[in-house]
Every structure is written in C-alpha cells, then in structure tokens.
Amino acid sequence: MNKNDKLNKLRRIISIDKELEQIFTAAKPLEEKRFLLRRYLSDLLLTVFDESRQIPPLEWIVCRDAIWVLRNILAPRSEELSGFSLLRYLDTLINAPDPTGLEPLSSAFLAELEHLIKGSNGMSGIYKEKPPAFLRYSGRKAAKLRSTDLSRMAKKSAKFMNRYPSGLDKELRRQQSLNKQAIQNYFGITDLEWNDWRWHTRNIIRDAKRLGQLIKLSPEETGAIDKARKNRIPFGITPYYLSLMDPDNGKTWDQALRAQVIPPPDYVDLMIEHRRNEDCSMDFMIEHDTSPIEGITRRYPNIVILKPLLTCPQICVYCQRNWQIEDVYSEHAAMGQHKLDRALRWIEETPEINEVLITGGDPLLLADEQLDSILARLARMDHIIRIRLGTRTPVTLPQRITDALVRTITRFQEPGRREIVVVTHFEHSTEITPVAMNAVQKFRLFGIGVYNQLVFTYYNSRRFETAALRQKLRLIGVSPYYTFNTKGKQETDSYRVPIARLLQEQQEEARLLPGTVRTDEIVFNVPRLGKNYLRAAQNRDLIAILPDGRRVYEFHPWEKKLALVDTYVYTDVSIYDYLKRLRKDGEQVKDYETIWYYY
Ligand code: SF4
C-alpha cells in the first residue's frame with residue numbers, strides 16, 4: 001500500500017464509527033476534540049452497559065474492553081508516559097492535506113486501529129457461530145449436545161497438538177537414536193562415554209566447523225556462528241542436545257531447538273555493537289541494582305538468587321543474563337571461594353531470607369563435592385526452608401543426573417524442615433526424551449518436585465505448541481511453573497512475541513487442558529522489581545499504539561498497594577509483524593485472529 005492508499009484506509013476505518021468521524025473532521029481545537037472524544041466514549045460505555053441485552057454477552061465484554069482501552073490511550077497521562085499522542089497523530093493525518101514530518105502510517109498501526117474501533121462498536125466478529133444448541137435444552141438432551149460440542153473442541157486442539165512431535169513418539173525417538181549413533185561414530189565412542197556427562201562437557205561443540213560436520217547448517221547459520229566465535233560471544237551445544245536435532249535441516253520439527261542455540265546474524269551484530277557501546281546495558285532486569293553483594297540478587301522479601309557459576313553446558317541465545325554468562329570453558333565463570341563464602345555469609349546474616357534459588361548459569365555443572373558444600377552450608381542455616389536448583393541439565397545434559405548427584409542433593413530434603421526443588425527449562429516437546437524423563441524421575445523417586453520455567457519465544461508460540469509441551473511435561477513428572485515473556489532486549493527482538501499472544505495462549509489453548517496440566521503462571525518480568533502476573537488484567541494498562549503498530553503498556557509492580565514504587569512502561573512487538581512472520585512460516589493467520597482483542 002502506498003501513502004495515499006494508507007490514508008484512504010485510515011479514513012475508511014474512522015468512518016466505521018460515525019460519531020468518531022464527526023469529531024475528528026470537525027474544525028475544532030485539539031483539546032476540545034479530546035474532550036468530545038472522551039465524553040463520547042464514556043457515553044458509549046454507559047450505553048453498552050444500559051443496552052447490554054441487545055449485544056450477545058461475550059461480544060459485550062469485547063466491546064466494553066475496547067472502549068476502555070481507547071479511552072485510556074486518549075488520556076493525557078498515557079500520552080505523557082508513552083511519549084506519543086494518538087489523538088494528535090490521527091488529527092493531523094485526517095485533517096492536514098499532506099501531513100509531513102509525521103512518523104509514517106503503517107499497515108500494523110491501521111490493523112490495530114481497525115480492530116479497536118470495530119471492537120468498541122460491537123463488531124469484533126469473533127463470534128461467528130450461533131449460540132450453541134445445548135443452551136436451548138436442559139437435562140440429558142442438553143448434556144449430549146454439550147458433549148458433542150466439547151468433543152469437537154477437543155478434536156480441534158488435538159489436531160493442532162499432534163503437529164508437534166515429542167522425543168517419546170516412536171518416529172522421533174528412532175530419528176534421535178540414529179542421530180546419537182552418528183555422533184558416536186563421528187567421535188569414535190561407545191555408549192560408555194555417551195552416558196558419561198563429563199565426556200559431553202569435554203566435547204561441547206563450540207564452532208561452526210565441527211557443528212557443520214555433524215548437522216547440515218545454512219550459510220547464514222555458519223556465518224553467524226563464525227562471527228560469534230570471532231567476537232567471543234558464548235556459544236556451545238552438548239553432543240546430547242545435538243542428537244535431538246534434524247541433521248538434514250529440513251526446516252520442520254527442530255526449528256525451536258536450533259533457534260535456542262544457533263544465534264541469528266542480527267543477534268550477533270547487536271551483541272557486538274552493544275558490547276562496544278558503554279552506554280548500552282544488556283542487563284534488562286537491572287540486576288546491578290538488585291545485587292546487595294556479589295553473586296546475590298534479591299527482588300523479593302524472602303527469596304534470593306545465588307549465582308555460584310556463570311556458565312551453562314550450552315548457551316541459550318535468548319538468555320536474560322547474556323550480559324553476564326561466560327563461555328563454557330571460561331576460567332572466570334566460577335565464583336571464587338572467597339566471594340562465595342562472603343555471599344553465603346550474607347545469607348546467613350539475613351534471617352528474613354528463607355528460600356535460596358541457586359542458579360547462574362547452571363549449578364549442576366559444579367562437581368558433586370562443590371554442590372554438596374554449598375547445600376550443606378545453606379542447610380545449616382535455620383532460616384532457610386527451601387533451596388531451589390535452577391538447572392537445564394535434564395534438558396541439555398541429562399547424563400549429569402547421576403545416582404551420586406541425586407544422593408548429594410536429596411540428602412538435604414527434610415520433610416517438615418527443608419524442601420529441595422528442581423526448576424528446569426524445557427522449551428519444546430521435541431526435547432522430551434526417554435533420557436530426560438529418566439533424569440526427572442530420579443529426582444521424583446526421592447520426593448523432589450521438578451518444575452518447568454518456559455520462555456515463550458517466537459519459536460514455540462504457534463497454536464497449541466506450548467499446550468503440547470505441558471501435556472508431555474506432566475507425563476514425565478515435571479509441573480509447569482512459569483511461562484515468561486521473552487525479555488524486551490533489542491538483540492533478541494526476533495524471539496519476542498506480543499503480550500497479546502501470551503494472553504491468547506492462556507485463554508484459548510492452556511485453558512482447555514486439565515487443571516493439573518496448566519499449572520503455570522504467565523509472567524512479565526519487570527526490570528529491577530520482578531514478576532507481573534499477566535493473567536490479572538488489573539496489573540497493567542495499554543497506554544498507546546505507536547505509528548509502527550507496537551503497543552505500549554504500563555506494568556504495575558507486584559508491590560502495588562504494599563509500597564510506593566514506580567510502574568514500568570514497556571513497548572511490545574507489533575501483532576501485525578508477528579502475524580506476518582507466522583504467515584511466511586506457513587501458519588494460517590485466521591487461526592490467530594482473536595489476538596487483537598487481548599489487551
Ligand atoms: S540455561 Fe538458563 S542461564 Fe543458561 S544460558 Fe540458558 S537461559 Fe541462560
């Protein structure tokens with residue numbers, strides 16, 4: 001669409017609501033228009049409430065929400081916070097013959113505006129079908145009709161979920177076992193070495209040359225890895241994790257796996273640029289301001305994070321700590337004994353802390369004795385009642401979960417006194433394999449709970465993709481715990497998913513699973529402060545839609561009503577661009593169309 005086409009489209013969108021059109025086209029000062037628009041929207045809201053019976057109840061809710069959002073966006077406070085005035089922007093576009101000096105009108109913006117105006121006029125079009133037949137009956141007849149509807153819904157979700165294989169499925173299991181054999185042949189090893197975690201850590205694949213000898217790489221992948229290595233950007237893949245991938249690079253089931261470890265070119269370029277730029281911080285969570293002593297992060301009253309090791313068997317591209325994570329063989333990765341002692345002493349002297357999350361990095365890369373010594377020291381502190389171990393080894397290096405390690409960890413679990421919890425990080429159903437399941441089961445046999453923290457990235461965000469993962473996680477003994485929005489870091493922009501998609505996934509996909517399976521909370525991590533629970537709409541406000549179609553949110557901190565801290569203003573990625581990318585990757589955009597009505 002050229003500029004004129006876009007302007008014409010804008011006029012058509014505004015004309016959906018005649019009252020809105022009249023206010024915008026009137027020759028009146030801007031502030032008077034703001035007053036009239038807000039009064040009109042307030043009246044509209046009252047009308048919607050008063051005449052609710054004329055609109056189906058669920059369309060009424062969409063309508064009410066859309067009016068609320070539009071009103072909020074027009075508020076001067078929202079404009080001040082977001083630095084953008086939708087009112088001024090629209091007024092100039094509609095009334096100036098040839099608006100210049102304005103940010104260009106984008107298709108992404110038009111799509112947002114169209115949905116917002118349609119929504120506020122009860123025209124969302126979400127509910128295309130008639131009300132279900134069972135509502136007209138009662139008793140057994142209603143129950144049978146309802147059962148038929150529910151079966152239809154279940155079949156639809158199963159059809160989606162079946163698109164995502166798991167390593168427990170016969171076919172993928174066979175493929176992954178062939179891959180394992182090929183890697184063993186390449187290294188000239190037997191199962192003895194393969195089952196030894198130390199062999200894997202000694203043979204982490206760290207350059208494109210070796211990786212290219214084991215799996216097919218695109219020229220883009222090769223180039224990005226080479227550049228990352230040249231610029232000392234941490235990169236590594238365990239031979240085990242490599243065996244989960246499609247060696248032929250068929251661009252099908254292993255895309256979520258590759259994307260986790262093979263950095264895209266723009267990521268590498270931005271990492272290089274950001275590292276050179278002293279003013280640029282990659283510490284999205286502003287851990288520098290929440291670390292009372294080296295190696296400790298504290299964001300909550302009773303919990304601290306202890307980071308004895310700042311590396312992992314393999315490096316995730318979207319890692320929130322990419323500013324701090326070291327290369328796997330780096331001599332700077334481990335915290336020195338002196339610093340570790342100081343950090344532990346700090347915990348000892350802070351009796352308000354009763355839970356310690358040991359993470360990093362991955363603490364299970366430490367030797368058993370080192371881990372034992374940290375756990376023993378914590379166990380001697382009366383105020384510590386829970387120790388969490390944040391580890392990805394069940395996914396990337398399940399061989400690490402040896403009987404000896406499990407004994408080391410589980411001996412500190414004392415029912416009624418102290419709980420040990422393992423928090424891991426499965427991202428996709430293809431990572432769920434018999435070996436990973438055995439690793440998890442070893443902990444479960446000793447009564448240790450294993451939980452999953454998922455990062456919702458572009459690569460696992462297709463319809464029912466994470467629902468399929470949750471189903472399988474429960475079957476191997478892992479409880480879904482948190483689903484995190486990918487951090488808003490520029491270098492990982494291509495991993496980000498609009499907040500609206502997370503909300504849609506929870507309502508339209510996770511909600512269909514049994515309560516024992518959909519146990520995770522979807523969260524947005526507010527820098528410096530901590531988790532904002534996205535499920536609760538009252539914990540955020542949509543305050544702007546920018547000319548490029550990105551939404552701006554104001555997130556409320558968890559301390560709301562407890563302490564007077566600041567809110568956090570966040571610019572999301574555009575829904576339009578996200579859907580465009582999905583379409584390019586073969587998805588049907590109509591399957592996602594309700595996304596626009598999640599705020
Ligand atoms: S396992 Fe966790 S800490 Fe390690 S690189 Fe991945 S996201 Fe970062």
Side-chain angles (χ1 to χ4, degrees), residues 197 200-201 204-206 225 228-229 232-238 240-242 244 256-264 267-268 271 282-285 287 291 295-297 299 305-330 332-335 357-366 371 388-401 421-428 431 436 439-440 450-460 469 478 481-489 491-492 494-497 523 525 531:
W197 71 279
H200 286 268
T201 55
I204 289 169
I205 291 126
R206 301 177 63 232
I225 298 167
R229 295 309 299 155
R232 302 158 70 99
I233 294 170
F235 167 79
I237 307 175
T238 63
Y240 164 78
Y241 198 79
L242 193 65
L244 309 185
L257 306 187
R258 285 185 180 237
Q260 282 177 58
V261 280
I262 301 180
Y267 170 84
V268 178
M271 281 291 282
M282 292 186 287
D283 176 11
F284 181 79
M285 287 305 293
E287 289 198 48
S291 174
I296 298 267
T297 299
R299 295 189 200 116
I305 295 174
L306 171 67
K307 298 183 281 188
L309 186 71
L310 288 174
T311 191
C312 298
Q314 66 179 36
I315 311 294
C316 311
V317 176
Y318 52 78
C319 178
Q320 76 166 24
R321 294 208 177 96
N322 63 354
W323 57 279
Q324 196 178 33
I325 290 292
E326 295 274 349
D327 203 73
V328 64
Y329 298 139
S330 163
H332 308 295
M335 198 191 225
L357 164 61
I358 310 178
T359 182
D362 198 319
L364 297 199
L365 258 194
L366 294 170
L371 194 61
R388 258 190 278 163
L389 289 161
T391 174
R392 233 195 144 197
T393 52
V395 188
T396 59
L397 186 59
Q399 293 83 351
R400 172 65 183 110
I401 317 301
V421 170
V422 170
V423 181
T424 190
H425 174 184
F426 283 90
E427 277 286 281
H428 204 267
E431 294 171 336
V440 170
V450 182
Y451 296 86
N452 195 55
Q453 296 197 150
L454 172 79
V455 181
F456 198 66
T457 75
Y458 174 80
Y459 299 96
N460 57 13
L469 171 65
V478 180
Y481 174 42
Y482 279 125
T483 292
F484 289 98
N485 176 59
T486 314
K487 303 289 175 294
K489 294 153 75 96
E491 65 273 17
T492 47
S494 60
Y495 288 74
R496 289 168 69 193
V497 177
V523 286
N525 241 341
K531 295 177 187 70

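All residue numbers in this chain count up from 1 along the given sequence. Note that ligands are numbered from 1 as they come in the structure, with each ligand's atoms numbered from 1 the same way.
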Enquirer: Tell me yes or no: between the side chains of T424 and N452, is some donor less than 3.5 Å from an acceptor?
Expert: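 Judged by distance alone, the side chains do not pair up.
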Enquirer: Suppose I only count heavy atoms of G361 and a 4.0 Å limit; which atoms of ligand 1 are within that range?
Expert: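 The list of qualifying atoms is 3 (S).
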Enquirer: Which residues satisfy the ring-ring contact (aromatic ring centres under 6.0 Å, His included) test with Y267, sequence neighbours excluded?
Expert: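 Partners of Y267 under the ring-ring contact (aromatic ring centres under 6.0 Å, His included) test: none.
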Enquirer: So, K307 and Q324: side-chain donor and acceptor under 3.5 Å apart, yes or no?
Expert: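 Yes, Q324 and K307 have a side-chain donor paired with an acceptor closer than 3.5 Å.
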Enquirer: Under the side chain to side chain contact (heavy atoms under 4.5 Å, CB included) rule, what do L454 and F484 come out as? Steps first, then yes or no, please.
Expert: CA-CA 6 Å; L454 172 79; F484 289 98; over 6 Å; no
Enquirer: What protein N/O/S atoms sit under 2.8 Å from atom 6 (Fe) of ligand 1, by chain and number?
Expert: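 Sorted hits: C316 SG.
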Enquirer: Listed by chain and number, what are the ring-ring contact (aromatic ring centres under 6.0 Å, His included) partners of Y495, not counting sequence neighbours?
Expert: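 If we apply the ring-ring contact (aromatic ring centres under 6.0 Å, His included) test to Y495, skipping adjacent residues, the hits are Y459.
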Enquirer: For H428, which residues count as a ring-ring contact (aromatic ring centres under 6.0 Å, His included) partner, sequence neighbours excluded?
Expert: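 Testing H428 for ring-ring contact (aromatic ring centres under 6.0 Å, His included), a comparison that skips the adjacent residues, returns none.
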